[in-house]
Amino acid sequence: METLPNALPAKVGVLGGGRMGAGIAHAFLINGSDVLVVERDEASAQGALERVTESVAKSIARGGVAETREQITSRLRVSVDYADFGDRSLVVEAVPEIWDLKVSSLKKVEENLAPGAILASNTSSLSMSGLAAELARPQDFLGLHFFNPVPASTLIEVVIAKQSSDSVIEAARAWVAGLGKTAVVVNDAPGFASSRLGVAIALEAMRMVEEGVATAQDIDNAMVLGYKHPTGPLKTTDIVGLDVRLGIAEYLHETLGDRFAPPQILRDLVEQGHLGRKTGRGFYDWSESK
């Protein structure tokens with residue numbers, strides 16, 4: 001594997017250029033890697049290019065990056081062809097949290113990887129060992145769970161599948177350091193550490209709104225001011241997406257029991273199409289910020 005002085009792979013791939021995928025691409029780009037983003041069609045690929053380029057521009061404007069926009073984006077390419085992953089040392093999958101989609105996407109990527117290349121999933125809750133069992137080279141697979149927004153977050157959860165090799169785990173630790181972030185290493189379990197705790201708090205906050213205990217704003221303020229959370233659990237849910245939170249909660253409910261049962265208020269909002277910031281409404285009104 002060709003690596004940079006900061007231990008990052010020289011050539012990185014990202015499958016999926018949505019908010020998370022674009023953020024992951026941004027993180028590797030500004031730290032020197034050549035990055036390829038593969039999307040499902042040309043329109044999506046163009047959207048991914050625009051998202052990453054805009055994110056890079058914001059980092060430069062904040063003064064946190066030494067290179068120019070042109071220097072950084074010269075290392076960025078988008079594609080709709082999985083075969084282009086053939087020269088990548090690391091590919092991070094960042095498609096929606098749907099089991100069948102994850103499995104089919106990971107298999108397609110793996111089919112096009114060179115020997116020794118490493119495949120990672122950005123899943124926030126799905127079984128890493130279960131996903132690994134679907135692959136031909138499970139020892140070269142693990143979880144790299146980035147947090148939203150990726151450029152501002154200083155945490156990456158390294159999730160170890162039962163099949164992950166020791167060398168892959170050590171490489172992942174080095175990559176996280178190379179990105180200027182901190183690794184939290186966890187063994188595969190439903191929800192890992194971060195999603196399990198974060199969703200538990202968010203679901204209880206939703207029940208409190210549902211029961212009329214307090215407004216969403218006051219509940220969030222209690223956690224921000226009292227517990228020093230950067231944002232409250234309900235605003236975070238709006239940022240992540242209510243549909244995403246519902247999917248994770250349903251999976252945790254199935255695997256860990258009734259304490260993760262999604263509240264009716266969450267199901268109702270998702271059914272009504274109120275998914276948070278991306279649709280303009282969730283527990284908050286985001287219409288002016290869209």
Side-chain angles (χ1 to χ4, degrees), residues 4 6 8-80 84-85 88-97 105 120-124 143-157 175-183 194 230-231 235-241 243-244 275-280 282 286 288-290:
L4 302 174
N6 58 9
L8 293 180
K11 294 185 177 182
V12 174
V14 179
L15 178 64
R19 182 182 297 275
M20 287 303 301
I24 294 167
H26 167 278
F28 282 100
L29 269 175
I30 66 171
N31 286 286
S33 296
D34 178 284
V35 178
L36 166 72
V37 179
V38 171
E39 261 288 2
R40 62 185 181 275
D41 54 44
E42 293 292 349
S44 300
Q46 184 59 36
L49 179 63
E50 292 170 359
R51 274 187 289 276
V52 178
T53 302
E54 180 182 351
S55 180
V56 167
K58 288 179 179 178
S59 287
I60 293 171
R62 288 192 295 267
V65 182
E67 291 183 296
T68 67
R69 175 173 173 172
E70 291 72 25
Q71 287 173 317
I72 295 172
T73 57
S74 70
R75 299 193 295 270
L76 172 65
R77 183 162 61 98
V78 297
S79 171
V80 296
D84 289 341
F85 283 136
R88 304 287 111 173
S89 298
L90 165 67
V91 174
V92 182
E93 165 274 310
V95 303
E97 295 285 279
S105 299
S121 175
N122 183 55
T123 182
S124 57
L144 287 177
H145 177 207
F146 290 75
F147 288 77
N148 188 24
V150 176
S153 172
T154 57
L155 174 66
I156 298 177
E157 199 170 29
W175 301 332
V176 174
L179 292 171
K181 301 182 187 293
T182 299
S194 59
T231 57
K235 184 166 284 187
T236 299
T237 294
D238 274 10
I239 293 169
V240 170
D243 53 336
V244 175
L275 308 182
R277 184 169 64 179
K278 60 188 171 186
T279 61
W286 297 85
E288 292 185 4
S289 62
K290 280 196 69 185

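Just so you know, these numbers use all the heavy atoms, side chains as well, and skip hydrogens, waters and symmetry mates.
At a threshold of 4.0 Å, the pair Lys278-Asp238 does not count as salt-bridged, since none of the basic side-chain nitrogens sits closer than that to a carboxylate oxygen. Between Arg77 and Asp84 a salt bridge is recorded (basic side-chain N to carboxylate O distance below 4.0 Å). A salt bridge is defined here as a Lys NZ or Arg NE, NH1 or NH2 lying under 4.0 Å from an Asp or Glu carboxylate O, and Glu67 with Arg75 meets this definition.
Residues Glu93 and Ser121 bring a donor and an acceptor atom of their side chains to less than 3.5 Å of each other. Defined by atom type and a distance below 3.5 Å, a donor-acceptor pair is missing between the side-chain atoms of Thr154 and Thr182.
Counting heavy atoms from C-beta on, the side chains of Ile60 and Thr68 never come closer than 4.5 Å. Side chains of Gln46 and Val78 form no contact here, defined as non-hydrogen atoms less than 4.5 Å apart. Contact check for Val38 versus Val80: no side-chain heavy atoms found under the 4.5 Å cut-off. Side-chain contact between Leu144 and Trp175 is present, with at least one heavy-atom pair separated by less than 4.5 Å.
Between Pro151 and Arg62, the shortest heavy-atom contact is CB-NH2, 4.4 Å. Taking all atoms of both residues into account, the shortest heavy-atom contact from Val92 to Phe146 is CG1-CE1, 4.5 Å. Across Pro9 and Leu90, no two heavy atoms sit closer than the pair CG-CB, 3.9 Å. Listed here is the closest heavy atom pair of Trp286 and Gly276: CD1-C, 4.0 Å. Heavy-atom minimum distance, Val37 versus Ala48: CG1-CB, 4.1 Å. Among all heavy-atom pairs drawn from Leu8 and Gly178, the shortest one is CD1-O, 4.0 Å.
A distance of 11.5 Å separates OG of Ser33 from NZ of Lys11, quoted to the nearest 0.5 Å. With rounding to the nearest 0.5 Å, the separation of CZ in Arg277 from OG1 in Thr236 is 10.0 Å. Between the CG atom of Asp243 and the OG1 atom of Thr279 there is a distance of 8.5 Å, given to the nearest 0.5 Å.
When atom types are taken as modelled, the side chain of Ser55 and the backbone of Arg51 share no donor-acceptor pair closer than 3.5 angstrom. Between the side chain of Ser74 and the backbone N or O of Gln71 there is at least one donor-acceptor pair closer than 3.5 Å. Panel note: side chain Ser44, backbone Arg40; no donor-acceptor pair is recorded below 3.5 Å. In this structure a side-chain-to-backbone donor-acceptor pair under 3.5 Å is present from Lys181 to Ser153.
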Side-chain donor-acceptor distances from residues 14-32 under 3.5 Å, at least two apart:
unit_1, atom_1, unit_2, atom_2, d
His26, NE2, Ser59, OG, 2.7
Asn31, ND2, Ala27, O, 2.8

TODO: Given side-chain contact (heavy atoms from CB on, under 4.5 Å), test Ser79 with Leu36 step by step and report yes or no.
DONE: CA-CA 7 Å; Ser79 171; Leu36 166 72; 3.8 Å; yes
